[in-house]
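Let me begin by presenting the structure, written as structure tokens, before commenting on it.
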Amino acid sequence: MDTRLYTGADLDTGEALAAEIRSKRLQLFVKGRRDYLQLSQEDVAERLDINARTYGNWERGTLKEWTDEKLYLLAEALEMSQFQTTRLFLYAVSRAPQPDVRAMFRRTEAEDPATSAFLGDYGVMMDALSLPTFVIDQRWDVKMSNKAYRDLFRDVRDHPTAMPSTNFLRFGLFHPDAPAVFVDHLKWQLAMLAQLASSLERHGDDTGLQAIRRDVYLHPTLRDAFLTDMPNWVLGSGADLVHHEGAVRELRHPDTHIGLQGCRLVEETLRSLKALGLTRLTLVLVDPDETSMPEPCRSHDQHAA
């Protein structure tokens with residue numbers, strides 16, 4: 001393990017890279033959304049009741065100061081979902097549209113029998129699904145998973161901190177058995193590092209996410225990937241990555257009758273789960289011979305990494 005100490009200059013460099021990434025993401029995100037809707041700059045300017053030149057400045061990120069009103073108007077003009085609106089705010093002003101005060105009033109399952117009953121029923125429903133599916137919190141801790149998910153990782157050896165039943169990001173980044181499941185492991189790692197960076201943007205005070213980042217910095221290869229390879233990959237992927245439309249990677253199932261599969265990571269979360277700060281993800285398995293594997297791979301997620 002690398003035990004070098006990293007100086008304040010190293011951290012400053014990382015923060016500068018993060019700021020540059022956010023700025024570029026904003027430009028790609030807004031333009032990508034407009035392109036997705038097949039709108040011209042003039043079309044969006046008309047929706048905003050401004051001239052095309054002014055909108056061009058918005059899209060290029062040359063606006064001197066973003067206000068909540070302008071960001072909400074832009075989100076409405078580009079028909080953004082709640083998740084996409086949150087991403088817009090994060091890229092433009094480095095904060096969510098409004099503070100998340102739910103955690104202040106959230107009760108644990110033991111304190112709320114109705115919530116406990118709901119999650120129990122939801123777990124039964126998940127077990128009836130044939131695709132691997134799991135529920136995570138904001139730090140990617142796995143709170144629930146179905147039998148198909150557990151079967152996918154049944155041959156994984158014990159690890160003190162990186163079991164797939166404990167934290168999905170930690171497994172993919174740190175477990176020595178991860179490459180046996182996640183084919184072309186580097187692609188998965190880059191995507192997971194991007195999800196880690198995105199989660200830290202939204203929940204920078206979360207000690208669990210900070211701990212994952214700290215452990216990434218203790219691995220020289222992962223640290224270099226996080227500071228250099230991942231930002232370059234994100235910038236090269238452009239709006240396709242931040243829109244999270246159609247992530248296709250490959251994994252190998254331990255059941256030889258299933259074997260090598262293409263995989264889309266799909267987010268589909270009930271409002272009741274979101275209110276608890278939870279997100280449901282499903283690994284949609286597809287025949288790799290029938291699926292083109294884009295470079296770089298994209299992610300499907302209407303919530304957030």
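Numbers for residues simply follow the sequence, beginning at 1.
The side-chain heavy atoms of F171 and T166, taken from C-beta on, include no pair separated by under 4.5 Å. Between P164 and Y149, the closest side-chain pair of non-hydrogen atoms falls below 4.5 Å. Proximity of Q41 to R34: side-chain heavy atoms (C-beta onward) are separated by under 4.5 Å at one or more points. Y122 has its side chain within reach of L270: a pair of non-hydrogen atoms, C-beta onward, lies under 4.5 Å apart. Side-chain contact between D215 and I212: absent, with no pair of heavy atoms (C-beta onward) separated by less than 4.5 Å. By the 4.5 Å heavy-atom criterion applied to side chains, V156 and R154 are not counted as neighbours. The shortest side-chain heavy-atom distance between V93 and L71 falls under the 4.5 Å cut-off. The shortest side-chain heavy-atom distance between K143 and L278 falls under the 4.5 Å cut-off.
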**Report entry** Worked verdict on V142 versus V135 for side chain to side chain contact (heavy atoms under 4.5 Å, CB included)
**Finding:** CA-CA 6 Å; V142 176; V135 173; over 6 Å; no
**Report entry** From CA spacing to verdict: side chain to side chain contact (heavy atoms under 4.5 Å, CB included), L251, C263
**Finding:** CA-CA 7 Å; L251 60 75; C263 176; 3.7 Å; yes
Report task. For M144 and F134, run side chain to side chain contact (heavy atoms under 4.5 Å, CB included): C-alpha distance rounded to whole Å, both residues' side-chain angles, the deciding distance at 0.1 Å, then the answer. Result -> CA-CA 6 Å; M144 303 170 63; F134 58 110; over 6 Å; no
Requested in this report: Output, in order, the C-alpha distance, side-chain angles, deciding distance and verdict of side chain to side chain contact (heavy atoms under 4.5 Å, CB included) for R213 and F226.
Outcome: CA-CA 9 Å; R213 178 175 58 187; F226 187 67; 4.2 Å; yes
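For the atom pair NZ of K187 and CD of E250, the computed distance is 7.0 Å after rounding to the nearest 0.5 Å. To the nearest 0.5 Å, atoms CG (D137) and NE2 (H203) are separated by 9.0 Å. In this structure, OG on S40 lies 9.5 Å from OH on Y55, to the nearest 0.5 angstrom. To the nearest 0.5 Å, the span separating OG1 on T85 from CE on M80 amounts to 6.5 Å. Atoms CZ and CG, from R252 and L260 in turn, are 5.0 Å apart once rounded to the nearest 0.5 Å. L73 contributes atom CG, which lies 8.0 Å from atom OG1 of T67 (distance to the nearest 0.5 angstrom).
The two residues G204 and Q210 make their nearest non-hydrogen contact at O-NE2, 2.8 Å. Pairing each heavy atom of L273 with each of T269, the nearest pair is CB-CG2, 3.6 Å. Listed here is the closest heavy atom pair of L173 and Q189: O-NE2, 3.3 Å. P254 and L152 get closest at one heavy-atom pair: CD-O, 3.2 Å. Residues L39 and A77 come closest through the heavy atom pair CD1-O, 4.4 Å. A pairwise comparison of heavy atoms in H185 and G172 identifies NE2-O, 2.7 Å as the closest pair.
Between D141 and R170 there is no salt bridge, since no side-chain N of the basic residue sits under 4.0 Å from a carboxylate O of the acidic one.
Under the side-chain hydrogen bond (donor to acceptor under 3.5 Å, both in side chains) criterion, T133 pairs with R280, T282, not counting sequence neighbours. Residues passing the side chain to side chain contact (heavy atoms under 4.5 Å, CB included) test with L26 are V30, W66, L88, Y91, A92, sequence neighbours excluded. A search for side-chain hydrogen bond (donor to acceptor under 3.5 Å, both in side chains) contacts involving D151 returns K147, not counting sequence neighbours. The side-chain hydrogen bond (donor to acceptor under 3.5 Å, both in side chains) test applied to T54 returns N51, not counting sequence neighbours. D43 is linked by a salt bridge (charged side-chain N to carboxylate O under 4.0 Å, His left out) to nothing, counting only residues two or more places apart in sequence or in another chain. D224 is linked by a salt bridge (charged side-chain N to carboxylate O under 4.0 Å, His left out) to nothing, counting only residues two or more places apart in sequence or in another chain. When the side-chain hydrogen bond (donor to acceptor under 3.5 Å, both in side chains) test is applied to K70, no partner is found at least two apart in sequence or on another chain. Annotation: salt bridge (charged side-chain N to carboxylate O under 4.0 Å, His left out) contacts of E79 (sequence neighbours excluded): R47. With sequence neighbours excluded, the residues forming a salt bridge (charged side-chain N to carboxylate O under 4.0 Å, His left out) with R150 are D127, listed by chain and number.
Residues L285 and V183 do not share a hydrophobic cluster, clusters being chains of Ile/Leu/Val/Met/Phe/Trp/Tyr side chains in contact below 4.5 Å. A chain of hydrophobic side-chain contacts below 4.5 Å, direct or via other Ile, Leu, Val, Met, Phe, Trp or Tyr residues, connects L119 to M126. Linking ILVMFWY side-chain heavy atoms closer than 4.5 Å, directly or via other members, places L186 and V216 in a single hydrophobic cluster. Tracing side-chain contacts under 4.5 Å through hydrophobic residues (I, L, V, M, F, W, Y), one reaches L48 starting from Y36; they form part of the same cluster. Linking ILVMFWY residues whenever their side-chain heavy atoms come closer than 4.5 Å, directly or via other members, places V181 and L193 in the same cluster.
Annotation: D255, atom CG; neighbour count of heavy atoms from other residues, nucleotides and ligands within 6.0 Å is above 12. Heavy atoms of other residues, nucleotides or ligands lying less than 6.0 angstrom from CD of E268 number 12 at most.
Using bins of under 30°, 30° to 60° and over 60° for the plane-to-plane angle, the ring pair H159/H175 lands in the tilted bin. The aromatic rings of F182 and W188 sit parallel, their planes meeting at an angle under 30°, below the 60° perpendicular limit.
Chaining together hydrophobic side chains whose heavy atoms lie under 4.5 Å apart leaves I258 on its own.
Of the N and O atoms on the side chains of E59 and Q27, not one donor lies less than 3.5 Å from an acceptor on the other residue. Defined by atom type and a distance below 3.5 Å, a donor-acceptor pair is missing between the side-chain atoms of S199 and E201.
Identified under the salt bridge (Lys or Arg N to Asp or Glu O under 4.0 Å) test for residues 160-169, with sequence neighbours left out: none. Within the structure, ring-ring contact (aromatic ring centres under 6.0 Å, His included) contacts touching residues 255-285 (residues at least two apart or in different chains) do not occur.
For the pair N146 (side chain) and P132 (backbone), a donor-acceptor distance under 3.5 Å is absent.
Note: Y72 and F89 meet the aromatic proximity criterion, with ring centroids under 6.0 Å apart.
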